There are 2 protein chains.
Amino acid sequence: MSARLPSRQQPRAWPSRRHRDHASKRDAIVLAAARAFSRRGFHQTSLDDIARELGISKPTVYYYVENKEQLLFECFRAGLAVIEEGLKKAESSSVSGRERLALVIRHYVRAVASDFGWCMTRAEDQDLGPELGGHIRQLKAGIDRGLRALIEAGIKDGSITCTDPKMAAFAMAGACNWIAHWYRENQPLTVEELADRFLAFFADGLRTDPSR
Amino acid sequence: MSARLPSRQQPRAWPSRRHRDHASKRDAIVLAAARAFSRRGFHQTSLDDIARELGISKPTVYYYVENKEQLLFECFRAGLAVIEEGLKKAESSSVSGRERLALVIRHYVRAVASDFGWCMTRAEDQDLGPELGGHIRQLKAGIDRGLRALIEAGIKDGSITCTDPKMAAFAMAGACNWIAHWYRENQPLTVEELADRFLAFFADGLRTDPSR
DNA sequence: TTAAAATACTACTAAAGAGTAGGATTGAAT
DNA sequence: ATTCAATCCTACTCTTTAGTAGTATTTTAA
């Protein structure tokens, strides 16, 4: 499991071998948890299960993570980072609102189709305490605001037509979130193709007549 | 709780007073369960909780329902019935595919925004056993097929334009399912208004230029 | 009136699983 | 070599809750 190189003298920088080990082991635990939650659900997955899959013991998991709730939270955060990266790129971009929205949605789809997708979309607020639950609600609300702002920017710059940006944002977010329910690795479509199809649908809907 | 009229002699018809009582009490339990699951989540809701809210005891709940899993299943079925009603109406209708699709989606939105919405969309397959879980997967797949068939019918009769009916169905179903995550009674929009907005979005997307 | 069936309760059992106590082992630094 | 901290384990505790045993009460049918 741990191929520990001798590596003499690597003095005062943070990612010391020891710290890197610590962080990467913790990450491995979070990833294993995300996969387990995704396959069997949060409540059907015991920390013993996760430990067993990693070949370690439950107290070792607790050495790296405060508790099960925190573990779920970390999974959520890991997925969220991908979306926030997209939002950040969009902010510092000067293309049209429509194109920036598409950029964010691509990231969104990627996140939701990843190992962390389940935790981001299907975990219940109640499974986190009021503390972390509230935190997550805030983060989600931030994403929703980001989406809506992009739609509104697109309306303003003429690249988007939309009468109800709020509902449009809800519809798009819902469609993307739901991907976590059905997307599996062996899908005929890659994640990027999937994003393309969704973007095409969001762009034109089911409209009949382009010249109507 | 039970105002029981004397009602002498009501001989061989099925819905005897007794049976009606039984069925309606069972329904009341299912509804209370749906609301409780929706508010606190499946695993955070004990059968004692549900019983307490109804002013009865846990064994009484078990008198009407086999087990917790079955209870969840019934909630699911109750919501599903609304959608299937829509599909049936659509089948026996002769308007365009587009209009039939809209009809079904209206029912869909109604179901998902109802008390049973949570159970239909957020309950985990794993919380039902392999038996009931499989059953539900089948029912869900049926709905998906129904949606897709309507899109294809719309393409055929010229009322819908769509390059990937499967993904379009997934996107629309996802958007609608997600309503259960955020719709609450005190929303500014009624369910019907909500359905209108979603249908408008599905119809035209965010298209810029109608004459493009 | 009375026997059978239906309905309901109090008081349990049993299992699962989150989280911990306390100790062993390993590695780094002096 | 030896100490201190980091890492990891075995073997628990403790709570929650699904589900049941056994019994009391009510209703229906004869």
Side-chain angles (χ1 to χ4, degrees), chain A residues 1-26 28-29 33 36-37 40-73 126-129 132, chain B residues 1-26 28-29 33 36-37 40-73 126-129 132:
Chain A
M1 169 125 291
S2 52
R4 207 153 292 180
L5 307 182
S7 145
R8 215 113 197 46
Q9 209 65 337
Q10 184 172 10
R12 285 307 108 204
W14 175 68
S16 75
R17 150 131 259 104
R18 194 158 209 162
H19 282 176
R20 273 224 314 287
D21 276 4
H22 189 89
S24 73
K25 283 180 185 173
R26 185 181 151 109
I29 290 174
F37 294 157
R40 290 189 296 273
F42 183 68
H43 290 277
Q44 279 67 38
T45 303
S46 72
L47 290 184
D48 278 311
D49 289 337
I50 295 170
R52 197 176 320 114
E53 270 161 37
L54 289 165
I56 61 181
S57 70
K58 182 164 65 169
T60 300
V61 173
Y62 276 95
Y63 179 73
Y64 286 96
V65 159
E66 291 188 46
N67 51 37
K68 199 180 178 186
E69 182 183 311
Q70 182 75 37
L71 195 48
L72 180 58
F73 181 74
Q126 301 97 356
D127 292 338
L128 304 154
L132 295 179
Chain B
M1 166 130 290
S2 52
R4 205 151 295 178
L5 307 183
S7 143
R8 213 103 196 57
Q9 209 66 338
Q10 184 173 9
R12 285 304 111 205
W14 175 68
S16 74
R17 150 132 257 103
R18 196 158 208 162
H19 283 177
R20 274 223 313 285
D21 278 3
H22 190 89
S24 73
K25 283 180 186 173
R26 186 182 152 107
I29 290 174
F37 293 157
R40 292 189 295 272
F42 183 68
H43 289 278
Q44 278 68 38
T45 303
S46 72
L47 290 185
D48 278 310
D49 290 336
I50 295 170
R52 197 176 320 113
E53 270 161 36
L54 288 166
I56 60 180
S57 71
K58 182 165 63 169
T60 299
V61 173
Y62 274 96
Y63 178 72
Y64 287 96
V65 158
E66 290 189 45
N67 51 37
K68 199 180 178 185
E69 183 183 308
Q70 184 75 35
L71 196 47
L72 180 58
F73 181 74
Q126 303 96 359
D127 291 339
L128 303 154
L132 295 179

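The model shown is predicted, which means the values in this text are computed figures rather than measured ones. Each chain gets a letter, A, B and so on, in the order the sequences are listed, and its residues count up from 1. Atom set for the values below is all heavy atoms of this structure, side chains included, hydrogens, waters and symmetry mates excluded.
Atoms CD1 and CG, on B:I29 and B:L71 in that order, are 8.0 Å from each other to the nearest 0.5 Å. To the nearest 0.5 Å, the span separating OG1 on B:T60 from CG on B:L47 amounts to 12.0 Å. Distance check: B:F37 CZ to B:Q44 CD gives 11.0 Å after rounding to the nearest 0.5 Å.
For the pair B:Y64 OH and D:dA18 P, the computed distance is 20 Å after rounding to whole Å. Distance, B:R52 CZ to D:dT17 P: 10 Å, rounded to whole Å. Distance, B:L72 CG to D:dA18 C1': 15 Å, rounded to whole Å. In this structure, CD1 of B:I56 is placed 18 Å from P of C:dA6, rounded to the nearest angstrom. In this structure, B:L71 places its CG atom 12 Å from C1' of D:dA18, rounding to the nearest Å.
Here the nucleotide nearest the side chain of B:T60, chosen from C:dT7, D:dC8, C:dC9, is C:dC9.
Under 4.0 angstrom from either OP1 or OP2 of C:dA8 there lies no side-chain N or O belonging to B:Y63. Note on A:H22: a side-chain N or O is less than 4.0 Å away from OP1 or OP2 of D:dT7.
Here the closest non-hydrogen pair linking A:S57 and A:A51 is C-CB, 3.6 Å.
B:D127 and A:H43 are not linked by any side-chain donor-acceptor pair at a separation below 3.5 angstrom, with hydrogens and angles left out of the test.
The list of salt bridge (charged side-chain N to carboxylate O under 4.0 Å, His left out) pairs with a residue in residues 55-71 of chain A, not counting sequence neighbours, reads A:D48-A:K58.
At least one side-chain heavy atom of B:R40 sits under 4.5 Å from a side-chain heavy atom of B:D49.
Ring geometry for A:H22 against A:Y63 counts as perpendicular: the plane angle is over 60°, on a 0 to 90° scale with 30° as the lower cut.
Relative to the axis of its first five pairs, the axis of the last five pairs of the helix from C:dT1-D:dA30 to C:dT30-D:dA1 sits at 10°, rounded to 10 degrees.
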Please list, for nucleotides 16-21 of chain C, all pairs of protein and nucleotide N/O atoms separated by less than 3.5 Å.
| from | atom 1 | to | atom 2 | distance (Å) |
| --- | --- | --- | --- | --- |
| C:dA18 | OP1 | A:K68 | NZ | 2.8 |
| C:dA18 | OP2 | A:L47 | N | 2.9 |
| C:dA18 | N7 | A:K58 | NZ | 2.9 |
| C:dG19 | OP2 | A:Y62 | OH | 2.9 |
| C:dG19 | OP2 | A:K68 | N | 3.1 |
| C:dG19 | O5' | A:Y62 | OH | 3.4 |
| C:dG19 | N7 | A:K58 | NZ | 2.9 |
| C:dG19 | O6 | A:K58 | NZ | 2.9 |

